[in-house]
Amino acid sequence: MKEHQMKLAILRELSQGGFHSGEALGELLGISRAAVSKHIKGIQAWGVDVFRVQGKGYQLAAPMELLSQQVLEQQLDVPFELIPIIDSTNQYLLDKQDSLASGAVCISEYQSQGRGRRGRQWISPFGSNLYLSMFWKLEAGMAAAMGLSLVVGVAIVEALERLGIEGVKLKWPNDLYFQDQKLAGILVEMSGQAGGAANLVIGMGMNLNMSEQTEGIDQPWTSLSTVANQPFSRNELVVEFVRAWQAALNDYEVHGLQGFVERWNRHDNFIDREVRLIMGHREIRGIVRGIDATGAVLLETENGIESFIGGEISLRKADN
Ligand code: ATP
Ligand code: BTN
């Protein structure tokens, strides 16, 4: 068994709940107790909270629902790959683009090189969050790609609402927020052009029940378990999100942003609030007035309503 297959096998046991002795785990996998202990350290390094009680064995600090190949296979009607340990689900699809059909999905439990915009890191511990990417051949071409993170954001917020989870908002152009804390981020990457169509990968990382002890995130963040006042299933969320993305992307191909602007604005985290727009060394203050039909963010400044668009713009709270 490959090194990380051992760790995954141990995690499958631990995810059943209760204590598991080093001896029993070792027997199951045909390895020594010392080897089990080494693998547990590796599992902890993936960001999983496992503790040991003398005489009882190992237990997960919080219950963990692993992503299931079987459940997803039954429910999804797109080609998908569940790869528990990966560098980045976006990178995986970018590398495979020539052999992929539009709508193909990659999902993971842990990313060693999860990334955000402009080379920033996306913290991706094992088993507690979602890391989901979809390949999409955008017939409308490269110029329309800017709208994708907006469309996908609306699709996610509305899917959550259908599941009874309210209060998640959008931050232009690519984040999901709850009470001014980052819940999820969307990253659209282009891998090239085939004829008029643009080959794109859309990725989302959403925190579901990330440990409060998680380090390395330099802004306020939250998890869906804090937002929702009911339990939810990680597998069910994947299915709902994939379906919602597909529907939204097909709609976008035909109608463009038309049907999304009002829906986006209804969920805008910063609507009618004062913000700063940072563009390299330039900074502009104004009151957010939503997005326009091109997907640009509208800011009311001393010059009236101005629109801003482009990948190098960051929006921040005025007092932040
Ligand atoms: P903007 O895109 O507007 O510049 P941003 O600061 O959110 O805003 P992104 O590139 O969108 O930047 O996202 C990466 C940032 O997200 C990281 O620098 C970090 O602050 C934060 N981050 C990283 N991992 C997580 C996570 N799991 N949950 C919440 N936030 C995270
Ligand atoms: C952001 O806020 O900048 C976007 C973060 C996007 C993270 C997701 S996780 C799945 C996919 N794979 C990656 O490496 N990044 C995206």
Side-chain angles (χ1 to χ4, degrees), residues 46-47 67 80-96 104-136 146 148-150 152-153 156 168-191 200-227 237-238 241-242 245 268-270 275-280 283 288 297 308-317 320:
W46 285 347
L67 294 172
F80 81 94
E81 285 184 86
L82 166 57
I83 304 175
I85 307 296
I86 205 166
D87 50 359
S88 150
T89 53
N90 263 32
Q91 189 60 49
Y92 183 78
L93 293 184
L94 285 171
D95 290 342
K96 280 191 73 171
V105 162
C106 176
I107 317 155
S108 181
E109 296 277 19
Y110 171 84
Q111 297 185 119
S112 58
Q113 316 253 9
R115 59 186 182 229
R117 293 209 299 166
R118 284 173 263 151
R120 286 187 284 236
Q121 191 190 5
W122 188 257
I123 302 285
S124 309
F126 185 99
S128 52
N129 299 335
L130 284 186
Y131 316 112
L132 169 65
S133 298
M134 182 182 275
F135 176 72
W136 196 262
M146 176 68 208
L148 282 188
S149 65
L150 304 173
V152 161
I156 295 287
V168 176
K169 304 274 185 191
L170 296 163
K171 175 185 163 233
W172 189 90
N174 68 323
D175 294 334
L176 281 85
Y177 267 55
F178 178 73
Q179 296 181 344
D180 281 354
Q181 297 162 322
K182 188 157 171 168
L183 170 72
I186 296 162
L187 178 66
V188 179
E189 295 185 285
M190 294 177 206
S191 54
L200 297 155
V201 172
I202 306 150
M204 181 190 66
M206 180 182 283
N207 304 328
L208 299 186
N209 32 43
M210 188 155 68
S211 162
E212 301 287 336
Q213 266 80 58
T214 305
E215 289 175 358
I217 305 179
D218 55 3
Q219 59 177 300
W221 60 270
T222 191
S223 284
L224 200 67
S225 54
T226 306
V227 179
L237 283 177
V238 169
F241 290 163
V242 167
W245 282 14
D268 185 350
N269 188 58
F270 290 99
V275 298
R276 298 182 293 135
L277 275 195
I278 304 162
M279 294 166 261
E283 191 179 301
V288 172
V297 62
F308 300 89
I309 197 159
E312 298 299 313
I313 307 175
S314 290
L315 187 151
R316 295 282 178 275
K317 270 203 288 194
N320 204 351

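Values in this document were obtained by computation on a predicted structure and should not be read as measured data. Whatever order the structure lists ligands and atoms in, that order sets their numbers, starting from 1.
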(request) May I ask you to list the atoms of ligand 1 that are less than 4.0 angstrom from any heavy atom of S314? (result) 1 (P), 3 (O), 4 (O)
(message) Can you name the atoms of ligand 1, numbered from 1 with element, that are less than 4.0 Å from a heavy atom of D218?
(response) 18 (O), 19 (C), 20 (O)
(message) If we only consider heavy atoms of K182, is any one of them less than 4.0 Å away from an atom in ligand 2?
(response) yes
(request) Provide the number and element of each atom of ligand 1 under 4.0 Å from a heavy atom of I123. (result) 23 (C), 24 (N), 27 (N)
(message) Main chain of F178, side chain of T222: is a donor-acceptor contact present, judged purely on distance under 3.5 Å?
(response) no
(message) Suppose we measure from atom 9 (S) of ligand 2 to each protein heavy atom; which comes out shortest, and what is that distance?
(response) Q111 NE2, 3.4 Å
(request) Just need the protein heavy atom nearest to atom 10 (C) of ligand 2, so name the residue and atom and give the distance. (result) T89 OG1, 3.2 Å
(request) Determine, for D180 against K317, whether the closest basic-nitrogen to carboxylate-oxygen distance falls under 4.0 angstrom. (result) yes
(request) Measure the distance from atom 11 (O) of ligand 1 to every protein heavy atom, then report the residue, atom name and distance (to 0.1 Å) of the closest one. (result) K182 NZ, 3.3 Å
(message) Students should be able to answer this: which protein heavy-atom is nearest to atom 1 (C) of ligand 2, and at what distance?
(response) N174 ND2, 3.6 Å
(message) Considering non-hydrogen atoms of the protein only, which is the closest contact for atom 12 (O) of ligand 1, and what is the distance?
(response) R120 NH2, 3.1 Å
(request) State the atoms of ligand 1, each with its element, that fall below the 4.0 Å cut-off from a heavy-atom position in R118. (result) 4 (O)
(message) Within the supplied structure, the quantity of interest is the number of heavy atoms (other residues, nucleotides, ligands) at a distance under 6.0 Å from Q219 CD; does it exceed 12?
(response) yes
(message) How far is atom 3 (O) of ligand 2 from the closest protein heavy atom, and which atom is that?
(response) R117 N, 3.0 Å
(message) With respect to Y131, determine whether any N or O atom, backbone or side chain, lies less than 3.5 Å from an N or O atom of ligand 2.
(response) no
(message) One thing to verify: whether K96 and E81 come together as a salt bridge, which I'm taking to mean a side-chain N less than 4.0 angstrom from a carboxylate O.
(response) yes
(request) State whether E189 and R117 are salt-bridged, where the test is any N-O pair (Lys NZ or Arg NE/NH1/NH2 against Asp/Glu carboxylate O) under 4.0 Å. (result) no
(request) For N207, take its heavy atoms, then give the atoms of ligand 1 lying under 4.0 Å from any of them. (result) 26 (C), 27 (N), 28 (N), 29 (C)
(message) Need the ligand 1 atom indices (1-based, order shown) with element for anything under 4.0 Å from a heavy-atom of N174.
(response) 2 (O), 11 (O)
(message) Give me the nearest non-hydrogen protein atom to atom 30 (N) of ligand 1 as residue plus atom name, then the distance to 0.1 Å.
(response) I217 CG2, 3.5 Å
(request) With atom 6 (O) of ligand 1 as the reference point, say which of Q181, M210, R316, R117 has the nearest heavy atom. (result) R316
(request) Note the single closest protein heavy atom to atom 8 (C) of ligand 2, along with its residue, its atom name and the distance in Å. (result) G205 N, 3.4 Å
(request) Would you mind checking which non-hydrogen protein atom is closest to atom 15 (N) of ligand 2, with the distance to 0.1 Å? (result) R115 O, 2.8 Å
(request) Going by the side chain to side chain contact (heavy atoms under 4.5 Å, CB included) test, name the single residue among V242, T89, L67 that passes it with I107. (result) L67
(request) Could you tell me the separation between the CG atom of N129 and the OG atom of S108, rounded to the nearest 0.5 Å? (result) 11.0 Å
(message) Evaluate W122 for polar contact with ligand 2, using N/O atom pairs at a separation under 3.5 Å.
(response) no
(request) Any atoms of ligand 1 less than 4.0 Å from a non-hydrogen atom of W221? List them with their elements. (result) 29 (C)
(request) Of the side chain and backbone of Q121, name the one, both, or neither that has a heavy atom under 4.0 Å from an atom of ligand 1. (result) backbone
